There are 2 protein chains.
Amino acid sequence: MQNLTRKQRDVLEFLLQEPPPFAYPPALEELAAAMGMKSRGSLHRLIQGLLAEQLIEPLDRRHPGVRLTDKALALGRNKPEAANALRYVGKIAAGRPIEALEDQRYMTVPDELKTNQPCYVLKVQGDSMVELGILDGDWVVIEQRCHARNGEIVVALVNKSEATLKIIEQYPHEVLLVPANAQMETMRYHPSQVEIQGVLVGQMRSYRPLTLK
Amino acid sequence: MQNLTRKQRDVLEFLLQEPPPFAYPPALEELAAAMGMKSRGSLHRLIQGLLAEQLIEPLDRRHPGVRLTDKALALGRNKPEAANALRYVGKIAAGRPIEALEDQRYMTVPDELKTNQPCYVLKVQGDSMVELGILDGDWVVIEQRCHARNGEIVVALVNKSEATLKIIEQYPHEVLLVPANAQMETMRYHPSQVEIQGVLVGQMRSYRPLTLK
DNA sequence: CAAAACGAGAACAAGTAAAGAACTATTTTT
DNA sequence: AAAAATAGTTCTTTACTTGTTCTCGTTTTG
């Protein structure tokens with residue numbers, strides 16, 4: 001990866017080395033010791049940097065240990081395209097949870113369609129944004145963040161169950177999710193019902209006759 | 001680049017050599033050592049010259065190292081380094097010739113948006129295809145070929161001077177170029193007036209607030 | 001010969017890294 | 001159920017890296 005500091009790269013290379021240094025995801029303490037560091041606190045900061053590049057799975061106290069993402073593994077098998085690959089998460093259809101793919105897939109997205117922040121790709125199902133040129137079957141590039149400015153197009157999770165792609169308008173006592181489709185209604189919610197999961201930064205469409213999935 | 005000094009060119013050539021001298025962006029110190037210089041201060045001045053020519057990405061302490069720009073990479077080889085990069089040719093605006101960029105640029109386009117045949121990228125200017133979700137400022141991926149089936153969206157060169165992106169309908173005695181915009185007229189030509197330059201296979205759009213170029 | 005380009009090195013600013021302590025959440029042991 | 005152990009997180013202090021700027025000779029170039 002390009003945007004890593006020296007030590008971050010060292011950690012990544014250590015984890016990617018062949019044969020793997022650990023048979024299981026190592027705890028921060030173990031990894032630090034194996035790399036000759038005496039403090040897991042310092043290592044934690046390096047790991048956070050790799051996490052921002054989506055090279056390491058988010059840490060979780062319930063399943064301890066640092067795990068590389070598929071993206072990092074692809075990088076290790078010296079596939080340079082993996083460097084600017086984004087996770088293709090699954091499909092978003094208004095009114096349903098995001099439908100994740102069983103297997104992790106990646107798309108190599110041009111720099112022009114993404115930001116410096118972590119991004120991922122969803123496939124759009126439905127016509128809620130047709131009037132802004134986002135059609136059924138398009139892919140959208142989403143910057144992962146939990147806040148947005150009014151007028152931005154967001155992935156919003158409503159009532160912790162329904163995901164949808166809409167224009168957002170936030171006011172102190174209500175949140176509006178506005179479709180770009182005259183056939184559809186603007187939805188109004190209490191702020192507590194709506195959780196922003198990301199903001200639209202790019203869009204792609206294939207016109208090839210036989211495009212799978 | 002011609003307005004580079006001797007040493008500036010040396011540095012550029014060193015970085016462009018095959019195989020690449022570094023697997024990651026080298027710090028000034030490392031690069032200086034690798035080139036047999038003892039001072040990064042001197043190297044820094046050379047780098048500044050290359051930076052002024054936009055051959056090197058601006059340095060940043062947070063992501064240390066010297067990185068070449070796409071421009072430098074394109075300059076160094078006839079083909080771009082990434083296998084899935086496509087040539088970004090320029091802009092297409094209905095009724096004018098394709099406006100080519102001065103310098104060669106490339107975009108890394110996902111496999112899903114291209115075909116196995118040679119493809120290139122154009123930026124769309126104008127609203128002739130809005131009703132099919134292709135907006136002003138979008139990029140389109142074009143498969144380079146000189147024939148099309150009726151109903152396909154093509155880059156057509158009319159009277160050897162005007163390039164345009166339209167839906168094509170071809171009949172023995174006339175060719176129709178149909179816009180996807182109720183405000184615009186379908187144009188009718190004699191087959192000899194219309195030359196197909198490629199067929200639309202993909203489309204991309206950026207929603208980032210500050211997209212340059 | 002004069003101007004520009006270059007190399008080495010010193011000094012500086014801003015950010016990264018290491019260590020260790022303190023804290024939180026979770027699991028295991030007693 | 002309480003206590004202890006484990007593992008991730010946060011913070012502070014100190015040391016180190018890295019890019020930046022300058023100066024002073026030396027080399028190259030027109």
Side-chain angles (χ1 to χ4, degrees), chain A residues 1-17 20-69 72 116-118 144-146, chain B residues 1-15 20-69 72:
Chain A
M1 199 25 147
Q2 297 294 56
N3 295 347
L4 298 179
T5 66
R6 163 170 296 286
K7 276 296 167 187
Q8 286 167 3
R9 203 160 38 231
D10 283 352
V11 173
L12 182 60
E13 275 175 21
F14 184 85
L15 291 170
L16 281 170
Q17 76 184 270
F22 294 94
Y24 50 90
L28 287 181
E29 185 81 52
E30 291 173 293
L31 182 55
M35 296 197 61
M37 298 169 62
K38 288 173 184 164
S39 154
R40 67 209 142 117
S42 333
L43 181 59
H44 183 261
R45 197 142 91 92
L46 300 177
I47 295 289
Q48 289 306 309
L50 295 175
L51 213 149
E53 296 290 340
Q54 300 185 296
L55 294 167
I56 281 186
E57 300 288 350
L59 295 175
D60 177 359
R61 261 180 262 256
R62 269 164 286 193
H63 305 293
V66 337
R67 269 175 295 268
L68 295 171
T69 61
N116 298 325
Q117 305 305 311
Q144 192 160 18
R145 61 175 141 107
C146 54
Chain B
M1 266 303 136
Q2 258 356 312
N3 23 1
L4 296 180
T5 67
R6 168 180 216 85
K7 275 294 168 188
Q8 284 169 358
R9 223 181 337 257
D10 282 354
V11 173
L12 184 59
E13 275 174 25
F14 184 86
L15 290 170
F22 295 93
Y24 50 88
L28 286 181
E29 186 81 51
E30 291 173 297
L31 182 55
M35 295 195 63
M37 298 170 64
K38 287 174 183 164
S39 154
R40 66 204 145 122
S42 326
L43 180 59
H44 183 261
R45 193 176 8 183
L46 299 176
I47 295 289
Q48 289 307 308
L50 295 173
L51 212 150
E53 296 290 337
Q54 298 187 304
L55 294 167
I56 282 186
E57 301 288 350
L59 297 174
D60 176 0
R61 252 180 271 258
R62 270 166 292 195
H63 305 298
V66 176
R67 270 176 288 267
L68 295 171
T69 60

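Order of the sequence lines sets the chain letters (A, B, ...), proteins ahead of strands, with each chain counted from 1. These numbers come from a predicted model, not from an experiment.
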Between side-chain atoms of residues 31-41 of chain A and protein atoms elsewhere (two or more places apart, or another chain), which donor-acceptor pairs fall under 3.5 Å?
residue: A:Ser39; atom: OG; partner: A:Gly41; partner atom: N; Å: 3.1
residue: A:Ser39; atom: OG; partner: A:Ser42; partner atom: N; Å: 3.3
residue: A:Ser39; atom: OG; partner: A:Ser42; partner atom: OG; Å: 3.1
residue: A:Arg40; atom: NE; partner: A:Glu29; partner atom: OE1; Å: 3.1

Problem set entry | Residues that B:Glu30 engages under salt bridge (charged side-chain N to carboxylate O under 4.0 Å, His left out), provided they are two or more places apart | A:Arg6

For this session: For B:Pro21, check side chain to side chain contact (heavy atoms under 4.5 Å, CB included) against everything at least two apart and list the hits.
Result: B:Phe14, B:Gln17

Problem set entry | Nucleotides bounding contact with chain A, strand DNA chain C, heavy-atom threshold 4.0 Å | C:dT16 to C:dT27

Exercise. Can you name the residues that form a side chain to side chain contact (heavy atoms under 4.5 Å, CB included) with A:Pro118, not counting sequence neighbours?
Worked result: A:Gln54, A:Gln144

For this session: Taking salt bridge (charged side-chain N to carboxylate O under 4.0 Å, His left out) as the test, write out the residues that go with A:Glu57, two or more places apart.
Result: none

Problem set entry | Partner residues of A:Glu13 under the side chain to side chain donor-acceptor pair (under 3.5 Å) criterion, sequence neighbours left out | none

For this session: List in chain and number order the residues that pass side chain to side chain donor-acceptor pair (under 3.5 Å) with A:Arg61, two or more places apart in sequence or in another chain; answer none if no residue qualifies.
Result: none

Problem set entry | Partner residues of A:Asp60 under the side chain to side chain contact (heavy atoms under 4.5 Å, CB included) criterion, sequence neighbours left out | A:Arg62, A:His63

Exercise. With the sugar-phosphate defined as primed atoms, P, OP1 and OP2, and the base as all remaining atoms, what B/S/- string results for nucleotides 21-30 of chain D, 5' to 3', for protein heavy atoms under 4.0 Å?
Worked result: B-------S-

Problem set entry | For DNA chain C, the residues among residues 59-69 of chain A that have a non-hydrogen atom under 4.0 Å from it | A:Arg61, A:Arg62

For this session: Starting from the first five and the last five pairs of the helix from C:dC1-D:dG30 to C:dT30-D:dA1, work out the angle between the resulting helix axes, to 10 degrees.
Result: 30°

